[in-house]
Peer 1: 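The structure's right below; bear with me while I get my questions together.
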Amino acid sequence: MATTLSDMTIHLVKATVPALQEHGLGITKRMYERMFQNEEIRDLFNQSHHGETGSQPKALASAILAYAQNIDNLGALAPAVERIAQKHVGLNILPEHYPHVAEALLGAIKDVLGDAATDEILAAWGEAYWFLAHVLIARETAIYGWLATAPGGWNGWRNFRIESKSRESEIITSFVLRPEDGKPVLRHQPGQYLTFWIEVPGQHPLKRNYSISSAPNDETYRISVKREPQGVASTWLHDKAEVGQILKVAPPAGEFFLNEESPRPVVLLSGGVGLTPMMSMLETIAARHPNKFTHYVHGTLNGSTHAMKDRVRSLTKAHPNITAATFYVDPRPEDRQGEDYDHEGLITVDWLRANTPLDEAGYYLCGPRPFLRAFVGGLALAGVRSNRIHYEFFGPADEILTAA
């Protein structure tokens with residue numbers, strides 16, 4: 001494996017930036033069309049990002065463009081590489097899968113760009129692809145090795161049984177999962193997710209990521225799933241999956257998690273179902289770091305969508321250093337301010353400036369894209385340094401956040 005890219009490859013790849021800006025989405029759509037002709041490869045991927053939302057081709061187009069723009073400064077892509085490697089481990093992507101992607105990508109470049117995709121351009125992109133592929137393979141191999149040897153760890157898919165199912169709100173239900181083999185589970189990093197292989201009658205195998213909403217322990221995981229209007233997997237979990245159901249689960253993954261070693265105060269900021277990784281962090285802080293000053297700030301529509309309210313209340317009552325503030329965008333008549341929620345309307349940066357330690361805290365954010373657009377950039381403009389802003393979003397990354 002080459003340790004550096006050739007000067008000619010760097011020059012040629014950078015020369016394709018204008019073409020990628022214009023045709024990148026067409027290339028990635030065509031790439032997936034070619035790749036998914038192989039059913040074995042198709043079933044490795046979360047098809048909701050292709051069929052239900054169509055977001056993955058857009059995300060990949062942004063990633064390829066970023067790679068081309070930074071081909072001479074690859075250190076800038078390190079966070080993205082780690083995120084991709086973590087996703088690949090969750091999906092059980094292996095070295096033997098990479099040639100299928102290379103063939104589909106280079107074929108798509110040729111299909112979309114036509115004569116502009118000269119032999120020299122294709123050769124340069126082939127070298128660039130395999131350079132990055134080997135970086136990812138090395139990182140994924142290291143992660144797989146650690147998972148295989150860590151206490152309670154495993155590789156691939158492991159059978160878990162639904163031990164309990166609890167309705168948290170009108171749209172969110174929690175599932176406690178225990179391994180069918182009765183052995184311990186890996187202690188996840190608070191904020192990480194699990195990847196599921198779900199088999200729904202009449203559907204191709206479904207791959208979904210759900211954040212762990214419980215503190216780490218040796219026996220179980222809890223996930224809290226929002227029912228999505230067009231979500232095949234979430235609807236099946238809510239309506240069909242019952243206690244005793246077996247689910248195939250990959251080990252915990254993800255680069256978004258609480259830094260338990262940091263002495264800084266913590267602000268956990270969530271919108272909607274973005275509370276799920278925050279609950280894992282909050283329970284962990286209460287159990288292992290009860291003296292850490294922690295501010296939990298959550299926004300949701302109203303009491304019908306407010307999940308885990310009683311759990312948060314019990315933690316704040318038991319731990320004076322943990323405070324919570326809840327915002328309802330549109331309270332119902334039966335929602336009581338001061339009891340069910342604290343503030344009406346949206347969370348704002350000005351409110352955070354006045355009520356959280358902006359100059360010193362570590363901020364952890366999770367929520368829908370409009371929520372993150374407001375706060376990732378808003379906190380930075382308010383003076384919070386980028387190394388103190390950590391965020392997670394559900395689904396593939398795209399250009400909405402790469403500039404933040």
Peer 1: Any chance you could lay out the side chain to side chain contact (heavy atoms under 4.5 Å, CB included) test for L91 and T195, step after step, and finish with the verdict?
Peer 2: CA-CA 7 Å; L91 292 166; T195 303; 4.1 Å; yes
Peer 1: Do F256 and P277 have side-chain heavy atoms sitting under 4.5 Å apart?
Peer 2: yes
Peer 1: Could you give all pairs that pass the salt bridge (charged side-chain N to carboxylate O under 4.0 Å, His left out) test and reach residues 14-25, with sequence neighbours left out?
Peer 2: K14-D72
Peer 1: Determine yes or no for a side-chain-to-main-chain donor-acceptor pair under 3.5 angstrom, with K248 supplying the side chain and E199 the backbone.
Peer 2: no
Peer 1: Going by ring pair (Phe, Tyr, Trp, His ring centres under 6.0 Å), name the residues that satisfy it together with Y328, two or more places apart in sequence or in a different chain.
Peer 2: H306, Y341
Peer 1: Between D218 (side chain only) and P184 (backbone N and O only), is there a donor and an acceptor less than 3.5 Å apart?
Peer 2: no
Peer 1: Give the minimum heavy-atom separation between G299 and I347, together with the two atoms involved.
Peer 2: N-CD1, 3.7 Å
Peer 1: Evaluate L186 against W146 for side chain to side chain contact (heavy atoms under 4.5 Å, CB included), listing each step before the verdict.
Peer 2: CA-CA 11 Å; L186 178 71; W146 181 81; 3.7 Å; yes
Peer 1: Does atom CD (E96) have a neighbourhood of more than 12 heavy atoms from anything else shown, all under 6.0 Å?
Peer 2: yes
Peer 1: Using side-chain hydrogen bond (donor to acceptor under 3.5 Å, both in side chains) as the criterion, list what pairs up with R30, not counting sequence neighbours.
Peer 2: E33, D111
Peer 1: Using 4.0 Å as the upper bound for N to carboxylate O, is an ion pair formed by E180 and R158?
Peer 2: no
Peer 1: Taking H319 for the side chain and S314 for the main chain, is one N or O donor matched with an acceptor at less than 3.5 Å?
Peer 2: no
Peer 1: Applying ring pair (Phe, Tyr, Trp, His ring centres under 6.0 Å), name anything that partners F160, two or more places apart in sequence or on another chain.
Peer 2: W154, Y221
Peer 1: Starting from the C-alpha separation in whole Å, work towards a yes-or-no answer on side chain to side chain contact (heavy atoms under 4.5 Å, CB included) for H343 and T326.
Peer 2: CA-CA 6 Å; H343 307 280; T326 303; over 6 Å; no
Peer 1: Please check if the side chain of R161 supplies one atom and the backbone of I246 the other of a donor-acceptor pair under 3.5 Å.
Peer 2: no
Peer 1: Would you compute the distance between atom CD1 of I171 and atom NE2 of H238 and round it to the nearest 0.5 angstrom?
Peer 2: 8.5 Å
Peer 1: Among V185, I212, V176, exactly one meets side chain to side chain contact (heavy atoms under 4.5 Å, CB included) together with T220. Which residue is that?
Peer 2: V176
Peer 1: Taking all non-hydrogen atoms of both residues into account, name the closest pair between I389 and A380 and its distance.
Peer 2: CD1-N, 3.8 Å
Peer 1: Check the pair R83, E255 against side chain to side chain contact (heavy atoms under 4.5 Å, CB included), reporting the backbone distance first and the verdict last.
Peer 2: CA-CA 6 Å; R83 177 179 172 82; E255 81 293 356; 3.6 Å; yes
Peer 1: Side-chain donor-acceptor pair under 3.5 Å between Y363 and T356, yes or no?
Peer 2: yes
Peer 1: May I ask you to decide if K58's main-chain N or O and K29's side chain share a donor-acceptor pair within less than 3.5 Å?
Peer 2: no
Peer 1: Under 3.5 Å, is there a donor-acceptor pair between the S174 and S224 side chains?
Peer 2: yes
Peer 1: With side chain to side chain contact (heavy atoms under 4.5 Å, CB included) as the test, pick out the partner of E168 among M308, K309, M279, K226.
Peer 2: M308
Peer 1: Quick one: does any side-chain atom of T28 pair with a main-chain N or O of P57 as donor and acceptor, under 3.5 Å?
Peer 2: yes
Peer 1: Can you list the residues that meet the side-chain hydrogen bond (donor to acceptor under 3.5 Å, both in side chains) rule with D239, with sequence neighbours excluded?
Peer 2: R227
Peer 1: Using a 6.0 Å cut-off, check whether atom NZ of K110 has over 12 heavy atoms from anything other than its own residue.
Peer 2: yes
Peer 1: Determine yes or no for a side-chain-to-main-chain donor-acceptor pair under 3.5 angstrom, with R332 supplying the side chain and E334 the backbone.
Peer 2: no
Peer 1: Donor-acceptor pair, distance only, cut-off 3.5 Å: does the side chain of Y67 make one with the backbone of A128?
Peer 2: yes
Peer 1: Hey, does the side chain of T149 reach the backbone of G145 with a donor-acceptor pair shorter than 3.5 angstrom?
Peer 2: yes
Peer 1: Under a 4.0 Å N-O cut-off, is there an ion pair linking R222 with E283?
Peer 2: yes
Peer 1: Between E360 and R264, does any NZ, NE, NH1 or NH2 come within less than 4.0 Å of an OD or OE carboxylate oxygen?
Peer 2: no
Peer 1: To the nearest 0.5 Å, how far apart are CG in L94 and CD1 in I137?
Peer 2: 9.5 Å
Peer 1: Is there a donor-acceptor pair under 3.5 Å between the side chain of D335 and the backbone N or O of G303?
Peer 2: yes
Peer 1: Distance to the ring centre below 6.0 angstrom and angle to the axis at most 45 degrees; does that hold for K87 and Y193?
Peer 2: yes
Peer 1: Any side-chain heavy atom of T284 sitting closer than 4.5 Å to one from P216?
Peer 2: yes
Peer 1: Using salt bridge (Lys or Arg N to Asp or Glu O under 4.0 Å) as the criterion, list what pairs up with R288, not counting sequence neighbours.
Peer 2: E260
Peer 1: Tell me if the OH atom of Y144 is crowded by more than 12 foreign heavy atoms within 6.0 Å.
Peer 2: yes
Peer 1: State whether the number of non-hydrogen atoms from other residues, nucleotides or ligands found under 6.0 Å of E103 atom CD is greater than 12.
Peer 2: no
